[in-house]
Amino acid sequence: MQIIPIRDLKNTGDVERLCAEENGPVYVTKNGYGRLVIMDISYYERTMQKMYEAKAVMEGIEDVRAGRTIDGDTAINNIRSKYGV
């Protein structure tokens with residue numbers, strides 16, 4: 001985990017390089033307290049994808065708990081009749 005003071009943001013090239021090397025978030029402090037988090041765009045996109053996938057799994061678990069499921073044979077038959085397969 002990298003922590004840098006806010007004044008270091010002036011060196012944009014160095015900060016960009018640090019974000020790419022860290023392959024994770026870089027925490028920015030102001031007066032010794034956490035203020036910002038910056039990260040490389042590829043890390044951000046991977047993180048957002050993981051969050052989207054986790055949300056989809058949680059929604060699926062909730063569907064199972066709430067009884068909003070059907071068995072596999074019924075699902076296949078519904079698909080076949082819908083698409084004429």
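Keep in mind that the numbers below use all heavy atoms, side chains included, and drop hydrogens, waters and symmetry copies. For the single chain, residues carry numbers from 1 onward in sequence order.
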- Pairwise side-chain contact, Asn78 with Ile70, heavy-atom cut-off 4.5 Å (strictly under): yes

- Query: Going by distance alone, is a donor N or O of one side chain under 3.5 Å from an acceptor N or O of the other, for Glu53 and Gln49?
  - Reply: yes

- Do Ile3 and Val28 sit in the same hydrophobic cluster, where Ile, Leu, Val, Met, Phe, Trp and Tyr count as joined when their side-chain heavy atoms come under 4.5 Å apart? no

- Query: Any idea which heavy atoms bring Ile4 and Leu18 closest together, and the distance?
  - Reply: CG2-CD2, 3.8 Å

- Item | Same apolar cluster (I L V M F W Y, side chains within < 4.5 Å links), Met51/Tyr43 | yes

- In the single-linkage hydrophobic clustering (I, L, V, M, F, W, Y; side-chain heavy atoms under 4.5 Å), do Val26 and Ile6 co-cluster? yes

- Message: For Val15 versus Asp8, what's the shortest heavy-atom pair and its separation?
- Response: CG2-O, 3.3 Å

- Check whether the side chains of Asp71 and Thr74 place a donor and an acceptor atom closer than 3.5 Å, and report yes or no. yes

- Message: Do Arg46 and Asn23 pair up side chain to side chain, a donor and an acceptor below 3.5 Å, judged on atom types alone?
- Response: yes

- Message: As an exercise, state the distance from CG of Asp40 to CD of Glu16, rounded to the nearest 0.5 Å.
- Response: 8.0 Å

- Query: What distance separates Lys30 NZ from Leu36 CG, expressed to the nearest 0.5 Å?
  - Reply: 9.0 Å

- So, do Arg68 and Glu62 sit near enough that their side-chain heavy atoms are less than 4.5 Å apart? yes

- Message: Between Val37 and Tyr44, is there shared hydrophobic-cluster membership here, with clusters defined by ILVMFWY side-chain heavy atoms closer than 4.5 Å?
- Response: yes

- Mind checking whether Tyr27 and Ile38 sit in one hydrophobic cluster, side chains of I, L, V, M, F, W, Y counted as touching below 4.5 Å? no

- Message: Taking Asp14's backbone N and O only, do any of them form a donor-acceptor pair with Asn11's side chain (distance below 3.5 Å, no angle check)?
- Response: no

